[in-house]
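The structure appears below as structure tokens.
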Amino acid sequence: MTIIARSAQQEQNEPRRVRIQASDPLFFQAFAHGYGLAQQDYDGQPLTDDTLYGYIRRTMTQPDLSPRWKAGAITGWFAALYHIPCTFEEQTTRPKPKPAPATPRPIELHYTDPHFMSAYEAGYAAFAAVVGDQPATDDGLYAELARDFQGARTLTEARWCAGYLAGFMAALFRVPCFMED
């Protein structure tokens, strides 16, 4: 099965904004690192449930990385996979008008586990319950990652974790998804 995630069409003059508040500036350095890594390694490559979990696992199990770095790297990685154009600006400055970005490309997530889609939907729905209308925070994103990652012991649990977090991140970035056989 394949999930096609397509970025929502933006209104002509209003760019889509995702607010993430970070108490540690390293979060955004990690975000940029994860974003660049995904663009370098996975742009145009097939993405599977195992690929998603592999990156999450590699990042979450590095003991030398801080929790906020882990949250930033994984969030940035998903932003690049979902083709989210990212800029960083000071909160005190007014955003400058920018030309409309190129039409976002859909991504395809290939999965073999029959429960991946229900995990994806659960993660997508959980975002509203966990974050709601408030901005996401670095600590909140890490708490969600840690909660979902720690239970992944079997291959089925790992694929559930990948699906759940892919759905959670899709909701963060407001990416609607369509399923194709």
Side-chain angles (χ1 to χ4, degrees), residues 5 7-8 10-11 13-45 47 51-102 104-105 107 109 123-152 161-175:
S7 296
Q10 298 177 12
E11 296 177 23
N13 296 328
E14 187 63 33
R16 176 182 55 214
R17 292 194 177 270
V18 175
R19 287 182 48 207
I20 300 174
Q21 293 179 342
S23 54
D24 185 346
L26 291 178
F27 173 86
F28 292 112
Q29 288 178 346
F31 186 103
H33 175 78
Y35 194 93
L37 185 63
Q39 285 186 314
Q40 172 188 327
D41 293 343
Y42 298 105
D43 194 33
Q45 298 294 321
L47 294 169
T51 302
L52 298 176
Y53 183 74
Y55 180 75
I56 294 165
R57 182 188 51 75
R58 282 189 304 278
T59 303
M60 292 295 287
T61 58
Q62 291 187 24
D64 55 326
L65 299 179
S66 73
R68 291 176 179 144
W69 181 274
K70 292 174 184 180
I74 292 171
T75 304
W77 190 78
F78 273 102
L81 293 183
Y82 287 130
H83 304 292
I84 305 300
C86 294
T87 59
F88 302 99
E89 56 189 45
E90 296 292 327
Q91 288 182 336
T92 57
T93 61
R94 187 160 175 82
K96 296 177 181 149
K98 296 181 175 123
R105 296 169 294 159
I107 65 167
L109 298 174
Y124 204 95
F127 178 82
V130 172
V131 179
D133 293 332
Q134 300 299 314
T137 65
D138 52 357
D139 290 333
L141 290 169
Y142 179 76
E144 190 66 28
L145 289 166
R147 183 181 69 81
D148 298 313
F149 175 75
Q150 77 176 1
C161 173
Y164 184 92
L165 291 173
F168 191 88
M169 293 295 177
L172 169 67
F173 296 118
R174 295 166 182 83
V175 176

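A donor-acceptor pair under 3.5 Å is formed between the side chain of Gln62 and the backbone N or O of Arg58.
We find the CZ-CG distance between Phe127 and Leu172 to be 4.5 Å, quoted to the nearest 0.5 Å.
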Validation: residues 162-169 side-chain donor-acceptor distances under 3.5 Å, sequence neighbours left out:
residue : atom : partner : partner atom : Å
Tyr164  : OH   : Glu144  : OE2          : 3.0
Tyr164  : OH   : Arg147  : NH2          : 3.0

Item to check | Candidate pair Ile84 and Val175, rule side-chain contact (heavy atoms from CB on, under 4.5 Å), full reasoning | outcome: CA-CA 9 Å; Ile84 305 300; Val175 176; 4.0 Å; yes

Checklist entry - Under the side-chain contact (heavy atoms from CB on, under 4.5 Å) criterion, do Lys70 and Leu145 qualify, and how do the steps go? => result CA-CA 9 Å; Lys70 292 174 184 180; Leu145 289 166; 5.6 Å; no

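Heavy-atom minimum distance, Phe149 versus Arg57: CE1-CA, 3.6 Å. Between Tyr142 and Pro67, the shortest heavy-atom distance links the atoms CD1-O, 3.1 Å. Nearest heavy atom pair, residue Tyr82 against residue Phe173, reads CD1-CD1, 4.3 Å. Contact detail for Ile20 and Phe27: the closest heavy-atom pair is CG2-CE2, 3.6 Å.
For Asp133, the CG atom sits in a loose shell: 12 or fewer heavy atoms of surrounding residues, nucleotides or ligands are nearer than 6.0 Å.
Every residue meeting the side chain to side chain donor-acceptor pair (under 3.5 Å) condition with Thr51, not counting sequence neighbours, appears here in chain and number order: Thr48. Taking Pro135 as the reference, Arg19, Gln21 meet the side-chain contact (heavy atoms from CB on, under 4.5 Å) condition, with sequence neighbours excluded. Under the side chain to side chain donor-acceptor pair (under 3.5 Å) criterion, Ser23 pairs with Arg68, Asp138, not counting sequence neighbours. Listed by chain and number, the residues in a side-chain contact (heavy atoms from CB on, under 4.5 Å) with Ala30 are Trp69, Ala73 (sequence neighbours excluded). Under the ring pair (Phe, Tyr, Trp, His ring centres under 6.0 Å) criterion, Tyr35 pairs with no residue at all, not counting sequence neighbours. Partners of Asp24 according to the salt bridge (Lys or Arg N to Asp or Glu O under 4.0 Å) rule, which considers only residues two or more places apart in sequence or in another chain, do not exist here.
A parallel orientation is assigned to the rings of Tyr55 and Trp77, their planes being inclined by less than 30° (bins at 30° and 60°).
Proximity of Leu65 to Met60: side-chain heavy atoms (C-beta onward) are nowhere separated by under 4.5 Å.
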